[in-house]
Every structure is written in C-alpha cells, then in structure tokens.
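Ligands are counted one by one from 1 in listed order, and the atoms in each one are counted from 1 as well.
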Amino acid sequence: MATEGVEVQVFADRDALVRAGAEALAEAITAALSERGVCRIALSGGSTPKPVFARMAATGRPNAEAWRRTHVFWVDERCVPPDHADSNYRMACEALFDHVLPASIHRMVGEADPARAAADYEALLRAHFGVAPGEVPVFDLVLLGMGDDGHIASLFPGNEALDERERLVVAPYVDKFSAHRITLTYPVLEAARERLVLVSGAGKHPALQRVLGEETASSADPLPAQRLRPTRGRTRWFLDRAAAEGA
Ligand code: 6PG
C-alpha cells in the first residue's frame, strides 16, 4: 500500500483554519461517497474540532443526503458519561449531530468500565468493517488534533498505549489527568485513507517543530505525533500561523 505523503497547509488565523478544516471534511465525505457509496469517519475531541463541526452544521456541507450515507465514530473519548461537559461525544452532538442525521453514530461508552468499553468498541469496529483478528479497519478519514505535548488521539507521551500494535482500541490510564481515556491505536490511525490534523495556537509550535521538522525520522524520544507511520493514504496538517510560527 502506498502512502501519499504528508502535506502541510498554513492558514492566516484560527478562523481560516476552521473554515478550511470544515471544507476538507466535507470534501473527504463527498469523495468517499462518490468512490465507494459509503463513508466512515472517526472524530477527535478537544477545542479545535468544535468550531469546525459548528461550521459544517451552519453551511450544510456536506448535505443531508451525504450525511445519510456517512457512519460516524470517535478517535478517542474521555471516561465520562455522554452528557458530561468533557465528553467528546457531547461536544460533537451539540455542535453538529443535533443538526444533521448521519447513517449511524457510534460513541465510545465513556461511562463504562474503561477496559470493557475499549474491548466493546473494538468488537463494534470489527463487526461494522467486517475485519477479522489481525486485520485493521480502514476509515475514509480520521480527524486528529495535537496537544502541546505532541499527543494525538489519547496517545500521550510515555504511555504504554504508544506501543500497542495488535489491539484496535485501548483504555490507557493517563497520569496527567489521573484518569483513563479510550482511544484508537496507531494501526487504525495509520491505515486510514486520510488523516487530517488540525493544529491551532502558539502553544503547539514547539511540538510542531519536532513533529514536522527534519528530526522527525531520527528523534531519540519521538513525540506521539512523530510515531505515526501511515501505511495508506495521505496525511494533511492544517496549521494556523500561530502554531506554525510560534507567535
Ligand atoms: C481529546 C482529543 C485530543 C485533542 C488534542 C488537541 O479528546 O482531547 O482527541 O487528542 O485532539 O488534545 O486538542 P485541541 O484541539 O483542544 O488543541
């Protein structure tokens, strides 16, 4: 499987990044539907996707017909109930899925026992995508962000989840939050047809320099975002100028 490489686009400010991110998501959904008649996307949480989702709801791009053929999953979730302020599912519903109707929505069950929730989500993915043990589901697009510490999904520096190459979904304990998270693992992120990474704000600049700089290949202690080794498709980094330049 050939990868299509990495593309970096820098936008003047956060608003321009949000508009571009919403358009890229709509285009990816439309392209998947025209090529395969169905679309499966996995969404991250955090603050950057929220205005992107809101813009998609406001613009009606993609349209209702496209959403009716699009299946929605999550990249990661906090271990909280779906109505909790920290829930990635709640954020996405308030911004988007209370306004559009996808073919199906599959939330990670944050209120359940973390290990159970991860195992159940993996089983759900295997059933939906029809993949056997040893195979990896292929999303049309996974939407990612990156933390100031270079984490992606809920794959945090120094966490054992970074080394998981067999399971599709795990529930690592994250020291910085004193809590578990539920997250897709690298094999799933790497197998997607497209990875769209949205990075906003000067706080992300130091990590970005490492991830997108020359040292990526040789880093002795790579950041989680540096450890992403796509096996298929393209990876697009959408940055605002503050993240790209640090000011
Ligand atoms: C989460 C996200 C997480 C996010 C980064 C960046 O559950 O918080 O999935 O991985 O993408 O923390 O978050 P911002 O978009 O808020 O900078």
*Among protein heavy atoms, which sits nearest to atom 12 (O) of ligand 1, and what does the distance come to when rounded to 0.1 Å?*
H151 NE2, 2.8 Å

*Could you name the option among G201, A225, S47, P224 that has the heavy atom nearest to atom 14 (P) of ligand 1?*
S47

*Return yes or no for this condition: an N or O of P49 is under 3.5 Å from an N or O of ligand 1.*
no

*Touching ligand 1 at all, N88? Heavy atoms, strictly under 4.0 Å?*
yes

_Under a 3.5 Å threshold, yes or no: a donor from one side chain and an acceptor from the other, between S200 and R14?_
yes

*Apart from V38 itself, what residues make up its hydrophobic cluster when side-chain heavy atoms of I, L, V, M, F, W and Y under 4.5 Å apart count as a link, directly or indirectly?*
none

*Name of the residue among R229, R165, R227 meeting salt bridge (charged side-chain N to carboxylate O under 4.0 Å, His left out) with E190*: R165

_Using the salt bridge (charged side-chain N to carboxylate O under 4.0 Å, His left out) definition, which of the options R69, R193, R40 pairs with D140?_
R193

_Does ligand 1 come near enough to S154 that some N or O of the ligand is less than 3.5 Å from an N or O of the residue?_
no

_Interfacing atoms of ligand 1 (cut-off 4.0 Å, heavy-atom, K204)_ = 14 (P), 17 (O)

*Would you say G45 and ligand 1 have an N/O pair spaced under 3.5 Å apart?*
yes

*Pick one of side chain, backbone, both or neither for how A153 approaches ligand 1, counting any non-hydrogen atom pair under 4.0 Å.*
backbone

*List the closest protein heavy-atom neighbour of atom 2 (C) of ligand 1: residue, atom name, distance to the nearest 0.1 Å.*
D76 OD2, 3.5 Å

*Residue and atom name of the nearest protein heavy atom (relative to atom 13 (O) of ligand 1), distance in Å to one decimal*: G46 CA, 4.1 Å

*Without swapping roles, check the side chain of E7 against the backbone of R236 for a donor-acceptor pair under 3.5 Å.*
no

_Protein residue, atom and distance nearest to atom 15 (O) of ligand 1, heavy-atom basis_ = T48 OG1, 2.7 Å

*Measuring from the heavy atoms of E77, does anything fall under 4.0 Å of ligand 1?*
no

*Run the numbers on E23 and R19 for salt bridge (charged side-chain N to carboxylate O under 4.0 Å, His left out), then give the verdict.*
CA-CA 6 Å; E23 190 55 28; R19 290 195 299 272; over 6 Å; no

*Who's the nearest protein heavy-atom neighbour of atom 8 (O) of ligand 1, and how far?*
R78 NH2, 2.7 Å

*Measure the CG-CZ distance between L144 and F238 for me, rounded to the nearest 0.5 Å.*
13.0 Å

*Hey, is the main chain of A132 close enough, under 3.5 Å, to the side chain of R126 for a donor-acceptor pair?*
yes

*asked:* Quick one, P224 and L162 - any side-chain contact, counting heavy atoms below 4.5 Å?
replied: yes

